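I have placed the structure first, in the form of structure tokens, so that the comments after it can refer back to it.
Below, read A as the first sequence line, B as the second, and so on, with proteins coming before strands; counting in each chain starts at 1. Note that the coordinates shown come from a computational prediction; the quantities given were computed from them, not determined experimentally.
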Number of protein chains: 2
Amino acid sequence: MAVYTHLSAEDLADLIAEYGVGELVSAKGIAEGVSNSNWLVETTQDRFILTMYEHRVDADDLPFFLGLLDHLSAKGCPVPRTIHDRDGAAYRMVDGKAVALIEFLPGVSIDTPTPAQARAIGEALAGIHAAAANFPGERANTMGLDTWRDLLGSCGDDGLAEIDPTLPALVASELEYLGANWPQDLPRSVIHADLFPDNALMLGDRVSGLIDFYFACTDLTAYDLAVTHAAWCFGPGGRFRPAIAEALLAGYESHRPLSADERAALPVLARGAAMRFIASRAYDWLNTPAGALVTRKDPMDFARRLEFYVAKGTEAFPRGNG
Amino acid sequence: MAVYTHLSAEDLADLIAEYGVGELVSAKGIAEGVSNSNWLVETTQDRFILTMYEHRVDADDLPFFLGLLDHLSAKGCPVPRTIHDRDGAAYRMVDGKAVALIEFLPGVSIDTPTPAQARAIGEALAGIHAAAANFPGERANTMGLDTWRDLLGSCGDDGLAEIDPTLPALVASELEYLGANWPQDLPRSVIHADLFPDNALMLGDRVSGLIDFYFACTDLTAYDLAVTHAAWCFGPGGRFRPAIAEALLAGYESHRPLSADERAALPVLARGAAMRFIASRAYDWLNTPAGALVTRKDPMDFARRLEFYVAKGTEAFPRGNG
């Protein structure tokens, strides 16, 4: 979470002039996004987020990411649209890096959602899945099961044990389980794949923005709900919050009911979601120098969620009484 | 340059509610300020900068700093005023740290000023000196000659030599010179004491904001001009820019003419200004872990400026032909 690149006011003013959105009035580097530098930019006409894509985001993926934002925004989803430059381009190159100008959306990221907020998030996620149905772009999930295996394999048992002595055995047994039981025949669509509270903006109980689509890809639709469940339904100390899970699922199903197969698959999908974040966090934990610009996130938070999903099965996905 | 503290949206909303400035709409942590965490906050009424004072800023100094902003703002200086809470307090405590809500000012920080911009900065600086004349607060300069000696002494000759082999001798001879020649009888006032381009917001050639008064203190008025000279009048590669120096001085004197003694003292004051930044940067260089959140600044940039001031004397302070 940082601004990795210095852009002078002169560079910024020249860049903004390419968009025909008024003159630069203010630009503040913001502490948001782990793979990009971001500025909150104000012009004489409006406010925008300027994103510079650093390492981790492949410029070849930008037409997918930015086209998806435009598609979803046009369908009425609370997603920032891309501002195109005077030549119609969705991104430009500055000093060899791609930059995009993106609509500014109001709202704040909440730490501890209420049931009403969780319900709204479920509805918004289902709205994205429905609206993306006729989006022509496709992108493979670069953070799927094979990648979890690769990342955790490169950590090695010694590395994982350095994080926590219980981690190597948990990872080994779960990778085997997930390899044997990962669903193949569920509905697929474009998914966000990283819908943490950080990536949702809210005004009260309303979702004003879903942001940071830079893991979006084509994969099992219900996996996105499982990721969101793993990211939202645990409170301080990692305690499961059943009322939040129930509201999230009810909100989702109010817009896009799950098939019986999808619902039955939620426990294994959630185990996969937990493993996905164990994998990336364990890798980053072992490969990020202490004190670096990016704050390391504890892989064990998701190891505990994984153990919870293993122990509880369908109980983690309560249905309401309504 | 970072956000050191996490404030949840819930905490922020509760805090903002204490000010009677509308409801929280957006809050973005911004990469600004080396001693504080800052958020660009939007409410249903207006925009603000929320500052949380971390280490380095003594809460006992806040009445001086925040009172100064209010005084200067009321006098028409382009300085952000402090928003007082419903009880009239200029700052509040959150989790044991002081926070203040400060007016948002438009404008961008420029890297390479034009003469017109340097002239405007000179005028604005003189405006502050004039407006502060009847400000009742006083604060000793905690970054004066004694502190340079302490900081550089704690670096030691070995530490300084690690930065650059020429640094110990330069520091020793200059500290001796400055101790023997530092002016005592020049006019004193409140000074900004850190007016780098980072701390000035500009809209074209107009100064829209002078910010970050957290080194402000009572000291020799002309020393502030010398600091500003050292901070603004050197271009890429450290090359002296005489047209910028001339414009800065002319702008300053258009509002507050220097006395003959002040003008004669500028070379020694500028040597002191360069030493002040050598001292803090050398100390930080040796005491900041590589890869920490704060980017280390090269002390040698100011060692070269110091050598320039030693070599050039009054030539560094050109008068225009006008």
Ignoring hydrogens and geometry, is there a side-chain-to-backbone donor-acceptor pair from [X] to [Y] under 3.5 Å?
| X | Y | answer |
| --- | --- | --- |
| A:Asp70 | A:Thr82 | yes |
| A:Thr44 | A:Glu23 | yes |
| A:Asp224 | A:Ala193 | yes |

Inset, instruction - Examine A:His192 together with A:Phe213 and report whether their ring centres are nearer than 6.0 Å. - result: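 Centroid distance A:His192-A:Phe213: below 6.0 Å, so yes.
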
Legend entry - Ring centroid separation A:Phe196 to A:Phe215 under 6.0 Å: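 No, the ring of A:Phe196 stays outside the 6.0 Å limit from the ring of A:Phe215, centre to centre.
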
Legend entry - More than 12 heavy atoms from other groups under 6.0 Å of CZ on A:Arg239: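 No, the 6.0 Å shell around CZ holds no more than 12 heavy atoms from other groups.
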
Inset, instruction - For a salt bridge (Lys or Arg N to Asp or Glu O under 4.0 Å) with A:Asp301, tell me which candidate from A:Arg304, A:Lys297, A:Arg305 qualifies. - result: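 It is A:Arg304; the other options fail the test.
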
Inset, instruction - Using heavy atoms and a sub-4.5 Å threshold, report which of residues 9-17 of chain A line up against chain B, by residue number. - result: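 Under the 4.5 Å heavy-atom cut-off, A:Ala9, A:Glu10 qualify.
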
Legend entry - Inter-chain contacts: residues 96-111 of chain A against chain B, heavy atoms under 4.5 Å: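 Heavy-atom contacts from residues 96-111 of chain A to chain B are A:Phe104, A:Pro106, A:Gly107, A:Val108, A:Ser109, A:Ile110, A:Asp111.
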
Inset, instruction - With sequence neighbours left out, write down each residue that passes ring pair (Phe, Tyr, Trp, His ring centres under 6.0 Å) with B:Phe234, or none if nothing qualifies. - result: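 Partners of B:Phe234 by the ring pair (Phe, Tyr, Trp, His ring centres under 6.0 Å) criterion, ordered by chain and then number, come out as B:Phe240, B:Phe308, B:Tyr309.
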
Inset, instruction - Only counting residues at least two apart or in another chain, list the ones meeting ring pair (Phe, Tyr, Trp, His ring centres under 6.0 Å) with B:Phe65. - result: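 With neighbours one apart ignored, the set is B:Tyr214.
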
Legend entry - A:Thr112 portion near chain B, given a 4.5 angstrom heavy-atom threshold: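 Answer is both: backbone and side chain atoms of A:Thr112 are under 4.5 Å from chain B.
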
Inset, instruction - List the steps, then state whether side-chain contact (heavy atoms from CB on, under 4.5 Å) holds for B:Gln117 with B:Met202. - result: CA-CA 8 Å; B:Gln117 291 171 323; B:Met202 305 208 66; 3.9 Å; yes

